[in-house]
Amino acid sequence: MVAEVNPAIDSCDEVMLPKVNMLFDGENEAYEFYNAYAEMVGFFVRRSTLWTTSKNIITRRTFVCSREGFREKKRGAKEAKCPRPETRIGCPASMTIRLTANGKYRLTEFVPSHNHQLATTSTIHMLKAKKIRLKARAVRENLVDDTVRTPEFESEDEAYEFYSMYAGNIGFNVRRASMTTNAENVITRRMFVCSKEGFREKKRGAKIVKKPRPETRTGCPACMVIRLASNGKYHVTEFVTFHNHQLGAAAPSDLVTTSQSTETGQDDGLDLVAGSHDANIHKKNIMSTSLEGISNKRYKYTKVPHNSDIGATLEYLQKMQHDSPSFFFAIRSDDNGNLTNFLWADSKSIMDFAHFGDVVCLDSAYVLHGYGRPLALFTGLNHHKQTVIFAAALIYDESAEAFRWLFDTFKMAMNGIQPKTLLTDRSAVISEGVAASCPATTHRYCVWQIYQNALQQLSQAFHGSRTLEYSFKKCLFDCEDEVNFLTAWREMLEKYDLEDNQWLVDLFSLKEKWALPYGREAFYADMKSAQQKESLGIELKKHLSLEFDLLSFFKQFERILCDRRSAEMQADMDASQSTKKPPPMRMLRQASNVYTPAAFKMFEREFELYMDCMLYICGEMGAISEYRVTIEDNPKDHFVKFDSINSMVNCSCKGFEFIGIPCRHMLKVLDTRNIKDLPPHYILKRWRKDAKSASSNGGYAFLFDGDPQLAQTKRKRYDLLCRIFSIAAARAATSVETFAYMKNQSSILMDQVEQALQTRSPDTAAIIGAHCDQRQNPIDNIVTGLQSDTNFINGTADGSLTFAFTLGASTLDYH
């Protein structure tokens with residue numbers, strides 16, 4: 001055995017020498033670094049032991065010399081006549097890295113010594129592994145074009161499609177080449193090459209043919225290499241544009257890219273841009289090609305529906321409208337007539353929006369969790385703090401125009417009513433759509449979706465520290481005071497060395513759009529609490545997979561919808577039949593009688609905390625008194641104004657405006673003014689037990705209890721009237737004159753209906769029953785309707801078509 005050999009590290013470049021506490025952005029970067037060092041010294045590297053989390057995040061990795069360890073002898077193995085030479089001799093040389101709290105890898109251990117002779121400069125190039133690596137590097141060296149900007153890809157197939165489109169525009173064919181996979185057989189690295197890459201191998205023992213195939217491979221270096229990033233998407237790490245052969249005819253440009261610029265004139269990260277290159281011969285006689293004509297093109301990706309998805313969706317929508325004429329759905333098509341986006345909502349969802357549509361969240365979790373189908377849900381919060389579904393959509397086209405259509409159509413389905421607050425994911429196209437469609441709505445970024453994004457963007461950092469996730473969630477969900485939020489955010493960045501994390505820098509720059517201390521004038525209804533407990537998207541994820549038929553998803557969707565509505569009915573029953581002992585305090589007793597248990601729990605917490613508040617009078621001006629309210633453990637003071645004329649209270653914390661429950665500071669002032677009953681204007685209807693009564697229907701509850709057959713008849717009548725009056729309302733809302741006329745006539749009509757119900761003459765009852773029991777024929781075939789009945793087709797501003805099947809036989813105009 002050779003004595004311990006220490007490599008001549010003194011002759012190594014200082015930058016290339018491994019040192020303890022060095023940091024690497026990723027495990028692959030550390031591997032490449034150790035590889036480069038090994039090539040300089042004269043040995044080869046092998047990945048050895050590793051430690052991973054339950055989500056397959058590498059927390060520790062050791063790289064070793066290729067001669068580390070010993071070859072294991074397999075039991076029962078026969079002795080070979082010509083055994084392979086022994087190459088492993090237990091070499092101790094190694095380098096170990098560990099994942100840190102900031103998501104980077106730190107070099108924790110470095111052993112430079114070997115127990116074997118190292119390769120010399122004159123012999124290292126003769127080794128097989130070195131020869132292969134040098135050959136590949138020699139071809140691609142200095143050819144990577146750093147000026148090319150490429151998008152990130154959801155899958156390896158999407159990257160292949162992109163490179164194929166680029167190749168078609170330039171004039172060459174593409175081939176999938178080498179790839180690397182992890183233990184779960186997920187592709188972590190893939191190389192796409194020109195079809196003329198490499199050379200044809202000569203097979204041993206192959207016979208000489210009379211007419212050999214012509215040689216097509218020329219060793220072309222053009223390629224694109226992608227790697228799987230920590231956010232689950234593929235990033236381009238190498239892009240070589242040079243070819244060493246004559247290029248073919250380019251494909252028509254309209255088959256390759258879509259010429260489309262944004263309103264601001266800036267790219268959104270999906271541009272393939274490169275400056276044109278000179279036609280000079282490369283120093284290694286490799287010809288260059290030009291990317292001119294691509295610089296002003298936008299690569300536009302639209303998800304393609306699965307084979308049977310369109311038919312299954314239309315079948316479901318047709319069935320639902322047949323069963324309930326008041327069922328709403330709308331379909332959007334592109335310029336080529338392909339159906340791209342769908343939105344639907346049943347009558348119960350529309351009624352739920354009338355009661356609880358003040359805050360709406362667009363749940364687009366399919367983007368994060370990689371569902372097979374692009375489902376988006378419009379959700380809200382009912383008076384029991386349960387999630388309710390207002391509408392659902394399948395979004396295959398994710399352009400800004402498509403999202404504008406989505407919000408316009410949702411508003412149409414909800415009878416033109418806009419929510420007070422709309423929560424969405426952080427997306428430029430979604431923000432553009434909200435601004436265009438709902439200008440009166442406050443648009444905020446959903447903190448729950450930000451947290452879900454962070455699980456992707458900061459996955460390595462979360463697994464590198466057990467407490468980082470807790471600190472991040474505290475900033476998102478618990479800090480309602482600006483000073484506390486800024487302090488907690490700064491401490492988190494400093495503690496976990498995340499000051500340079502670009503994702504967090506960008507997120508913080510938009511804090512006014514999502515952080516709880518900001519924008520508290522807009523109603524929020526404590527959506528974050530419900531979202532932390534449940535996520536509808538997760539429940540539906542399995543059934544959105546392409547492995548399942550879409551009809552199975554619709555069945556699951558209906559089951560979840562039914563389960564949630566049953567849970568709401570059970571909560572209503574529990575709230576009305578509560579046997580809990582009434583609280584002793586007068587105001588608590590009042591609150592427990594009017595609030596649902598979930599809302600009362602929020603009020604009770606504020607009531608208990610007001611006991612710790614201390615109040616100081618700041619001054620009076622007429623009927624207005626101003627107070628300063630402090631809490632011993634909280635250094636920040638809050639200022640409350642009280643109007644003795646109408647008992648109006650306004651607090652600087654904006655807790656009532658934000659959640660809809662009087663804050664502790666307001667309660668302290670009311671108690672000081674000897675007001676023992678909560679003023680009615682501070683008991684929001686949306687948190688009351690009777691929140692669903694006397695609302696949009698003017699005080700007339702829709703009761704279908706009693707005899708099942710009679711209830712079914714009443715339901716049919718109600719659904720048909722919904723169709724008729726929804727169509728009339730949509731038409732009347734198009735102008736001020738028709739709106740005023742419809743509003744006046746509705747009062748007259750209501751009086752006539754009440755008079756008819758009171759008299760109940762046999763003739764009147766017969767007339768009402770005869771007309772209301774008539775059912776309009778359902779749509780026999782939606783596809784046929786789309787093709788033959790042009791009354792269902794409405795043009796949109798972007799030139800696409802909208803098919804609006806909206807509660808009636810005729811259409812609602814979409815502008």
Side-chain angles (χ1 to χ4, degrees), residues 306 308-309 312-324 326-330 341-357 359-395 406 410 413-414 419 423-425 446 448-449 452 525 527-574 596 598 692 715:
H306 202 236
S308 59
D309 282 2
T313 305
L314 295 178
E315 179 182 344
Y316 168 76
L317 299 177
Q318 178 184 16
K319 175 183 177 299
M320 293 301 295
Q321 192 169 68
H322 178 273
D323 295 341
S324 175
S326 56
F327 181 83
F328 175 97
F329 71 93
N341 290 356
F342 306 83
L343 182 140
W344 66 93
D346 63 11
S347 58
K348 178 63 169 65
S349 294
I350 297 172
M351 286 180 63
D352 285 340
F353 179 85
H355 302 306
F356 310 113
V359 181
V360 175
C361 176
L362 175 62
D363 184 355
S364 53
Y366 71 90
V367 176
L368 289 175
H369 299 291
Y371 302 164
R373 296 176 174 95
L375 175 75
L377 298 173
F378 286 92
T379 63
L381 205 64
N382 67 11
H383 53 326
H384 300 294
K385 293 182 69 174
Q386 298 170 326
T387 302
V388 291
I389 300 176
F390 298 137
L394 288 171
I395 309 173
L406 183 72
F410 176 73
M414 303 304 148
L423 308 174
T424 71
D425 194 8
C446 177
W448 175 248
Q449 295 188 41
Q452 294 295 313
M527 282 284 289
K528 63 179 176 64
S529 299
Q531 291 173 325
Q532 284 179 274
K533 295 178 182 177
E534 58 183 353
S535 176
L536 292 173
I538 301 298
E539 295 182 45
L540 294 167
K541 178 179 179 180
K542 176 182 176 182
H543 296 271
L544 286 167
S545 170
L546 295 177
E547 298 177 3
F548 292 87
D549 184 84
L550 193 58
L551 285 177
S552 68
F553 155 72
F554 287 122
K555 292 178 182 177
Q556 178 71 4
F557 178 76
E558 289 297 316
R559 187 191 67 77
I560 290 178
L561 210 57
C562 183
D563 290 347
R564 295 192 171 275
R565 289 170 180 174
S566 297
E568 182 180 340
M569 291 178 63
Q570 184 63 47
D572 285 338
M573 188 178 301
D574 293 343
T596 63
K692 293 184 291 185
R715 169 63 72 178

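All residue numbers in this chain count up from 1 along the given sequence. Keep in mind it's a predicted model, so treat the numbers as computed, not measured. Quick note: numbers below take in every heavy atom, side chains included, and nothing from hydrogens, waters or symmetry partners.
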ask   = If you measure from CG on Asn382 to CD on Glu568, what distance do you get to the nearest 0.5 Å?
value = 4.5 Å
note = Heavy atoms of Ala525 and Val359 approach each other most closely as CB-CG2, 4.0 Å
note = Across all chains, not counting sequence neighbours, the side-chain hydrogen bond (donor to acceptor under 3.5 Å, both in side chains) partners of Lys555 are none
ask   = Partners of Phe353 by ring pair (Phe, Tyr, Trp, His ring centres under 6.0 Å), sequence neighbours excluded?
value = Phe390, Phe410
ask   = Sequence neighbours excluded, which residues qualify as ring pair (Phe, Tyr, Trp, His ring centres under 6.0 Å) partners of Phe342?
value = none
Derivation of the side-chain contact (heavy atoms from CB on, under 4.5 Å) call for Leu406 and Ile395 = CA-CA 9 Å; Leu406 183 72; Ile395 309 173; 3.7 Å; yes
ask   = Does the pair Leu343 and Phe378 meet the rule for a side-chain contact (heavy atoms from CB on, under 4.5 Å), with working shown?
value = CA-CA 10 Å; Leu343 182 140; Phe378 286 92; 3.9 Å; yes
ask   = If you look at every heavy atom in Ala413 and Ile350, which pair is closest and at what distance?
value = O-CD1, 3.7 Å
task = Please assess Leu550 against Leu394 for the test side-chain contact (heavy atoms from CB on, under 4.5 Å), listing each intermediate value before the final yes or no.
result = CA-CA 11 Å; Leu550 193 58; Leu394 288 171; 4.2 Å; yes
message = The criterion is side-chain hydrogen bond (donor to acceptor under 3.5 Å, both in side chains); which residues satisfy it with Asp352, sequence neighbours excluded?
response = Lys348
Heavy-atom pair of closest approach, residues Asp572 and Lys692 = OD2-NZ, 2.7 Å
request  = May I ask you to test the Leu561-Ile389 pair for a side-chain heavy-atom distance under 4.5 Å?
outcome  = yes
ask   = With distance as the sole test, does Gln449 use its side chain to make a donor-acceptor pair with the main-chain N or O of Leu362 at under 3.5 Å?
value = yes
task = Could you give me the CA-CA distance, side-chain angles and deciding distance for Lys319 and Glu558, then say whether salt bridge (charged side-chain N to carboxylate O under 4.0 Å, His left out) is met?
result = CA-CA 13 Å; Lys319 175 183 177 299; Glu558 289 297 316; over 6 Å; no
query = Are Val388 and Arg564 close enough that some pair of their side-chain heavy atoms sits under 4.5 Å apart?
reply = no
query = Mind checking what makes side-chain hydrogen bond (donor to acceptor under 3.5 Å, both in side chains) contact with Ser349, not counting sequence neighbours?
reply = Asp346, Arg565
request  = Test Leu381 against Gln386 for side-chain contact (heavy atoms from CB on, under 4.5 Å), laying out the working first.
outcome  = CA-CA 6 Å; Leu381 205 64; Gln386 298 170 326; 6.0 Å; no
task = Determine the minimum heavy-atom distance between Ala598 and His383, stating which atoms define it.
result = CB-O, 4.4 Å
message = Restricting to non-hydrogen atoms, name the atom on Phe327 and the atom on Gln321 that form the minimum distance, rounded to 0.1 Å.
response = O-NE2, 3.3 Å
note = Contacts of Asn341 meeting side-chain hydrogen bond (donor to acceptor under 3.5 Å, both in side chains) (sequence neighbours excluded), chain-then-number -> none
note = Looking only at heavy atoms, the pair that brings Glu315 and Leu551 closest together is OE1-CD1, 3.9 Å
query = For the side chain of Ser324 and the backbone of Met320, is there at least one donor-acceptor N/O pair under 3.5 Å apart?
reply = no
request  = Report the residues that fulfil ring pair (Phe, Tyr, Trp, His ring centres under 6.0 Å) with Phe554, sequence neighbours left out, ordered by chain and then residue number.
outcome  = Tyr316, Trp344
task = Applying salt bridge (Lys or Arg N to Asp or Glu O under 4.0 Å), name anything that partners Asp563, two or more places apart in sequence or on another chain.
result = Arg559
key: Pairwise distance SG(Cys361) to NZ(Lys528) - rounded to 0.5 angstrom   = 14.0 Å
